[in-house]
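Report on the structure given below.
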Amino acid sequence: NLSLVDYIKRRENLSDSKEDILKAVKILADIVGLKIPDSPDWDPEAYKRAESRAQILEEANQYFIYCLNNDSGADKVRYYLKDRGYSLDEISEMELGYYSKDKVYKYLQDKGFTESQIKDLNFDRIGSSYKLSIPYRSGGSLKGFNFRVIGEPPAGSPKYLNSLKDGDKKEGFFNLSGLKGDKDLIIVEGELDSLSAKVRGIDNIVSLGGSSVNDKQIQTALRLGAKSFTICLDREPDKDLLPLEDPNNPVNKVNRVIEVILVNRVNNIFIAELPDLGGDKTDPDSFIRDKGVESFKEVIRGAISYYEFILYKKILPKYKLIREERQLRAKEIKDLKEEVVETGLRISDPTDRDRFKKIFTDLPEIKELGILEESLSEVIDSLSFKRDKERQDRELRDLLIEAKGLQDKGEPDKALELLNKKVNEVKLQDKATEFNKILVTTNEGEVKERIQNKPDRLISGYSINGEEILLPSGALSIFTAPTSHCKTALLLNLALNIAERYPDKKIYFFSYEEDRDSILFRALNIYLGRDI
């Protein structure tokens, strides 16, 4: 048996030095979302305050849970949760509680916490109508609470208020922890949606924790193991009818999440759409309650790729409306092509890009416009190469500025180390499009075409016992023998034989032993048949 620290040391090939032990601890801390002091000038007082805050938050959470089960004032909250279909076990696993400001203040004071510690919880901002407490856990630690009003909120007020400190919500998704299984992170809207789904057996499900998503949330999710993202937001039929240009249209809400994930260089993004069950909206919680967990899992399994979503939900509908009235005009066709090319450019995986182009060009209405997959590929590849070049130029400029800054500080060694470390990455930027082609899956037609166009074997001019020695195309032919057994002479004769027989071909001769003129004279001697 090993301690976790020792396990990480072994896994990462770390030594028993102080630095390596700290590195192992940091890896573990990152997994559960804890910050450890990682520099000599860390503030021990700030660290103690953070530790103290974590303790008081957990104490408050346990008290809220106790009050929900035992306080007579919590009847309305208990009825609300029962009405949503939650069992007592599910409520317990979700850590839901009952909030009463005066009671929790007195409880925490009795527990020995100071007035400033209690004030730091930000409960003062929570009105008396907000009775249901929902712990806001992210990255393995409790950041604060969301409080929900039971019934209708006061005029002009939201259904939820939170006690989080500024920035806590931006650090990570609500309900985020280390990912399990296939590492697909399911993103829903409501906190109760993700909590209830989790306790009912849905792994890796989080909520936005707000109206949208930010870079930090995506980066934290990637650090905790996310390999792909499935977006499953609420179904609101009335909003589906809004014009596409309206920011409240659900398509735009989903697209904003897609944009943030793409910026963080993640290409595995999927969209799962809940069916309309009637009423104002369908959310994961109500869907699972009505149709069951397996039905929700099937919705997730049936998710479409983000580029299909953009094509079918964002690009094509606007042109479909026009086509219902009349034929597309030249400028509209141009706009359509530009939107499709722009989407294709953002697909980094070449197999996904090919699939996107095929889906688009196979549509009957697109075939009518005469847009072919081959021409679309040429445009996308050309523009992609141009963008790679532009990215390379930006990154080179940034690298040189950073290196110059180190040089100006009198740290030329660090400047050189930085350049040495990063320059190869910059050099490869404009090769991304070219390298992506290597990953494209070969199809049967391409194999047939290559075989049909494969050059014939070459006649060497040599024979053994009357049988011609042929040089196969697409292969290396190796001649090997000890020193002074005429390998060079043989190859020179071979080169001259092929040059005479195939005057349209170019022959290159390389030598590591003799210089250019020596090879030239030897070749002339052979060609002329006399020593010059």
Side-chain angles (χ1 to χ4, degrees), residues 350-351 354 374-375 377-393 395-396 399 416 419-532:
T351 54
D354 278 354
E374 292 79 7
S375 55
S377 293
E378 287 179 14
V379 174
I380 291 176
D381 285 350
S382 174
L383 289 176
S384 184
F385 179 75
K386 182 182 176 184
R387 288 197 173 187
D388 291 340
K389 276 286 189 189
E390 290 171 352
R391 189 184 301 117
Q392 182 186 52
D393 183 61
E395 294 196 7
L396 177 59
L399 176 60
L416 289 170
L419 289 170
N420 189 50
K421 182 179 177 182
K422 296 283 188 180
V423 74
N424 280 334
E425 293 177 21
V426 175
K427 283 167 69 176
L428 290 173
Q429 279 295 341
D430 67 332
K431 300 293 189 294
T433 301
E434 183 181 340
F435 290 162
N436 273 343
K437 293 178 182 177
I438 298 170
L439 302 176
V440 175
T441 308
T442 301
N443 59 48
E444 182 183 348
E446 289 170 337
V447 174
K448 287 180 176 177
E449 185 180 356
R450 284 205 297 270
I451 291 172
Q452 288 169 353
N453 295 328
K454 192 174 182 179
D456 291 334
R457 295 170 296 178
L458 301 180
I459 298 172
S460 69
Y462 286 97
S463 64
I464 298 177
N465 296 329
E467 184 176 344
E468 288 273 12
I469 295 177
L470 303 174
L471 299 180
S473 62
L476 291 175
S477 298
I478 299 173
F479 296 80
T480 179
T483 305
S484 302
H485 275 61
C486 299
K487 295 188 297 295
T488 302
L490 175 66
L491 290 174
L492 281 167
N493 277 277
L494 185 66
L496 289 164
N497 287 344
I498 294 172
E500 284 190 314
R501 187 175 288 271
Y502 304 98
D504 58 326
K505 294 189 180 297
K506 292 182 178 180
I507 293 88
Y508 297 89
F509 193 98
F510 299 88
S511 174
Y512 287 101
E513 295 178 342
E514 301 187 46
D515 63 33
R516 181 190 184 99
D517 287 338
S518 297
I519 295 295
L520 177 60
F521 288 136
R522 290 188 65 177
L524 284 169
N525 289 341
I526 295 167
Y527 182 69
L528 297 172
R530 64 191 182 89
D531 191 353
I532 59 166

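Numbering starts at 1 and runs along the sequence shown. Since this is a predicted model, take the numbers as computed values, not measurements.
Looking at every heavy atom in both residues, Ser473 comes nearest to Pro455 through OG-O, 2.7 Å. Summarising the geometry of Ala499 relative to Ile507, their closest heavy-atom pair is CA-CD1, 3.8 Å, with the distance given to 0.1 Å. Of all the heavy atoms in Ser518 and Glu514, the pair that sits closest is CB-OE1, 3.6 Å.
Lys422 NZ to Leu396 CG: the interatomic distance, rounded to the nearest 0.5 Å, is 13.5 Å. Taking CG from Leu471 and CG from Leu494, the interatomic distance works out to 5.5 Å, rounded to the nearest 0.5 Å. Between Leu492 atom CG and Asn497 atom CG the span is 11.0 Å, to the nearest 0.5 Å. Distance check, rounded to the nearest 0.5 Å: CG of Leu496 to CZ of Arg501 gives 13.5 Å.
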*Tell me, with the steps shown, if Leu520 and Arg516 meet side chain to side chain contact (heavy atoms under 4.5 Å, CB included).*
CA-CA 6 Å; Leu520 177 60; Arg516 181 190 184 99; 5.6 Å; no
*Please lay out, stage by stage, how Leu491 and Phe510 fare under the test side chain to side chain contact (heavy atoms under 4.5 Å, CB included).*
CA-CA 10 Å; Leu491 290 174; Phe510 299 88; over 6 Å; no
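Tested against Glu449, the residues Val447, Ile451, Asn453 include a single side-chain contact (heavy atoms from CB on, under 4.5 Å) partner, Asn453.
Lys448 is linked by a salt bridge (charged side-chain N to carboxylate O under 4.0 Å, His left out) to Glu444, counting only residues two or more places apart in sequence or in another chain.
Checked by atom type and distance alone, the side chain of Lys487 never pairs as donor or acceptor with a backbone atom of Phe479 at under 3.5 Å.
Side-chain contact between Thr488 and Phe509 is present, with at least one heavy-atom pair separated by less than 4.5 Å. When side chains are defined from C-beta on, Asn525 does not count as touching Tyr527, because their heavy atoms never get closer than 4.5 Å.
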Pairs of donor and acceptor atoms involving the side chains of residues 459-470, under 3.5 Å and at least two apart or interchain, shall be tabulated with distances.
{"residue": "Ser460", "atom": "OG", "partner": "Tyr462", "partner atom": "N", "Å": "3.1"}
{"residue": "Ser460", "atom": "OG", "partner": "Ile469", "partner atom": "O", "Å": "2.7"}

